[in-house]
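Some notes on the structure that comes next.
Scope of the values below: all heavy atoms of this structure, side chains included, with no hydrogens, waters or symmetry mates.
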Amino acid sequence: WISVEAQVPLLLGYVDYEKKEAAIAESFLPTGNVKQDMDRIRAFYEGKKGRHPAAVIRLRDEDA
């Protein structure tokens with residue numbers, strides 16, 4: 001919500017443990033639609049693997 005209110009883009013980066021690569025790859029300005037914004041973030045991280053993979057991240061606000 002800070003990013004939405006301040007009109008500051010989020011910067012997405014990753015470390016892919018399996019491929020041994022890291023990058024800061026994309027920035028975007030969240031729309032305020034939590035489900036839509038989180039779908040975009042999940043799509044960005046799809047296929048990237050951490051050393052200790054986590055479950056799918058969901059925010060409570062997505063169900064509101």
Review point. Taking only residues at least two apart or on different chains, which pairs with a member in residues 44-55 satisfy side chain to side chain donor-acceptor pair (under 3.5 Å)?
Key: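 Residue pairs passing side chain to side chain donor-acceptor pair (under 3.5 Å), neighbours aside: none found.
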Practice item. Not counting sequence neighbours, list each pair that qualifies as a side chain to side chain donor-acceptor pair (under 3.5 Å) and has a residue in residues 7-25. Key: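 Every pair satisfying side chain to side chain donor-acceptor pair (under 3.5 Å) with a residue in residues 7-25: Y14-E21.
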Check your understanding: Roughly how far apart are L59 CG and K35 NZ, rounded to 0.5 Å?
Key ->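 Output value for this atom pair is 11.5 Å.
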Check your understanding: If you take all heavy atoms of G32 and D37, which pair is closest and at what distance?
Key ->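 Nearest pair, atom of G32 first, then D37: N-OD2, 3.2 Å.
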Check your understanding: For V8, what are the other residues in its hydrophobic cluster, where any two members join if their side-chain heavy atoms are less than 4.5 angstrom apart?
Key ->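 Besides V8, the hydrophobic cluster comprises nothing; the residue is isolated.
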Check your understanding: Who else is in the cluster with L11 when I, L, V, M, F, W and Y are joined by side-chain contacts under 4.5 Å?
Key ->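 I24, all in the cluster of L11.
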Point to revise | Any E26 side-chain heavy atom under 4.5 Å of R40 side chain | key: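 Yes - at least one pair of side-chain heavy atoms lies under 4.5 Å apart.
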Exercise for review: Just jot down the salt bridge (charged side-chain N to carboxylate O under 4.0 Å, His left out) partners of R42, sequence neighbours excluded, or say none.
Suggested key: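 Partners of R42 under the salt bridge (charged side-chain N to carboxylate O under 4.0 Å, His left out) test: D39, E62.
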Point to revise | All side-chain contact (heavy atoms from CB on, under 4.5 Å) counterparts of L10, not counting sequence neighbours | key: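 If we apply the side-chain contact (heavy atoms from CB on, under 4.5 Å) test to L10, skipping adjacent residues, the hits are S3, F28, P30, I41.
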